[in-house]
Participant: 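First the structure, then my questions, so here it is.
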Amino acid sequence: MKRLLTSLSILALIATSSTFISCSSDDNVTKEVELSIEQQILGKWILGEIDLKMQLGDNVITDEVGTDVTNELDLYFEFKEGNVVTLYQKQYQNGEVTQGTGTYTVSGSQLTVNISGTPQVFEYEINGDKLSLTLNAEEMYEGQLLIMNLTYHLYK
């Protein structure tokens, strides 16, 4: 395993020529995998696409998966140490910009973001450089239950 990692490191060094990569042991791989969620979430996450499902009563109004919204909306979350989060959102159609700074907490599979004084609770999943934040909401609309499931797919 060390011989393979060493060979790959040498090839990477030759290919990039401006970057030095070394691996002294297999422990480095283990340390990367063991990053806590608090460490993994740090950084700027930029919106790539969304999934949206809306249901009114028994009728599905919309069920979209992987919709690219980058030509309509510029949105990012930047998570910083000390549980500080910044949100930036610009709608291209009307030029409206929303931004703010607040706090975030992580508990189990939930990420709570509080920027405007009203906490938003997301179910989250991090897979490498992809962060998925899902917001589930239910409310009564014209006497029927409206269910909305919105997932933001963000990338570092």
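When reading the values below, keep in mind they use all heavy atoms of this one structure, side chains included, and skip hydrogens, waters and symmetry mates.
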Participant: For the residue pair E123 and S109, confirm or rule out a side-chain donor-acceptor distance under 3.5 Å.
Facilitator: yes
Participant: CD of E139 to CG of L145: how many Å apart, nearest 0.5 Å?
Facilitator: 9.0 Å
Participant: Run the side chain to side chain contact (heavy atoms under 4.5 Å, CB included) test against V85 and tell me which residues pass, sequence neighbours left out.
Facilitator: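 Expected list: F77, F79, Y104, V113, I115.
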Participant: About how many Å separate CD of Q120 and OG1 of T112, when rounded to the nearest 0.5 Å?
Facilitator: 9.5 Å
Participant: Rounded to the nearest 0.5 Å, what's the gap from NZ on K156 to CH2 on W45? Could you check?
Facilitator: 4.5 Å
Participant: Check this for me: N127, atom CG, are more than 12 non-hydrogen atoms of other residues, nucleotides or ligands nearer than 6.0 Å?
Facilitator: no
Participant: Between atom NZ of K80 and atom NZ of K44, what is the distance when rounded to the nearest 0.5 Å?
Facilitator: 10.0 Å
Participant: Does CG in N71 sit with more than 12 non-hydrogen atoms of other residues, nucleotides or ligands closer than 6.0 Å?
Facilitator: yes
Participant: Hey, what do you get for CD (E125) to CG (L133), rounding to the nearest 0.5 Å?
Facilitator: 10.5 Å
Participant: Of all heavy-atom pairs between D51 and G66, which one has the smallest distance, and what is that distance?
Facilitator: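 Scanning both residues, the minimum pair turns out to be OD1-N, 2.6 Å.
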Participant: Walk me through it: do T67 and E49 pass the test side chain to side chain contact (heavy atoms under 4.5 Å, CB included)?
Facilitator: CA-CA 5 Å; T67 304; E49 64 267 351; 5.6 Å; no
Participant: Would you check, one step at a time, whether the test side chain to side chain contact (heavy atoms under 4.5 Å, CB included) holds for T86 with Q99?
Facilitator: CA-CA 7 Å; T86 299; Q99 56 187 1; 5.8 Å; no
Participant: Identify the two heavy atoms, one from E38 and one from L42, that lie closest to each other, and give their separation to 0.1 Å.
Facilitator: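 Where E38 meets L42 most closely, the heavy atoms are O-CG, 3.2 Å.
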Participant: Give the minimum heavy-atom separation between S132 and T151, together with the two atoms involved.
Facilitator: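 Of all heavy-atom pairs spanning S132 and T151, the closest is CB-CG2, 4.1 Å.
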Participant: Tell me, please, which residues at least two apart from Y88 pass ring pair (Phe, Tyr, Trp, His ring centres under 6.0 Å).
Facilitator: Y76
Participant: For P119 and N114, which heavy atoms make the closest approach, and how far apart are they?
Facilitator: CG-ND2, 3.8 Å
Participant: Walk me through it: do L75 and L87 pass the test side chain to side chain contact (heavy atoms under 4.5 Å, CB included)?
Facilitator: CA-CA 7 Å; L75 181 138; L87 168 67; 4.2 Å; yes
Participant: Go through the steps to decide whether I46 and L154 satisfy the test side chain to side chain contact (heavy atoms under 4.5 Å, CB included), and finish with yes or no.
Facilitator: CA-CA 5 Å; I46 301 168; L154 304 118; 5.9 Å; no
Participant: Between L135 and L47, is there shared hydrophobic-cluster membership here, with clusters defined by ILVMFWY side-chain heavy atoms closer than 4.5 Å?
Facilitator: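 Yes: a chain of side-chain contacts under 4.5 Å links L135 to L47.
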Participant: Does L73 share a hydrophobic cluster with L131, counting links as ILVMFWY side-chain heavy atoms below 4.5 Å and allowing steps through other members?
Facilitator: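 Looking at the clustering, L131 is in the same group as L73.
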Participant: Would I147 and M140 show up in the same hydrophobic cluster when neighbours are defined by side-chain heavy atoms closer than 4.5 Å?
Facilitator: yes
Participant: Could you state the interatomic distance from CD (Q55) to CG (D63), rounded to the nearest 0.5 Å?
Facilitator: 9.5 Å
Participant: Please answer: with hydrophobic residues joined when any side-chain heavy atoms are less than 4.5 Å apart, are L150 and I61 in the same cluster?
Facilitator: yes
Participant: Establish whether V69 and M148 are linked, either directly or via other cluster members, by ILVMFWY side-chain heavy-atom contacts under 4.5 Å.
Facilitator: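 Hydrophobic grouping puts V69 with M148.
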Participant: Could you give all pairs that pass the ring pair (Phe, Tyr, Trp, His ring centres under 6.0 Å) test and reach residues 123-156, with sequence neighbours left out?
Facilitator: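 The answer is none; no pair qualifies.
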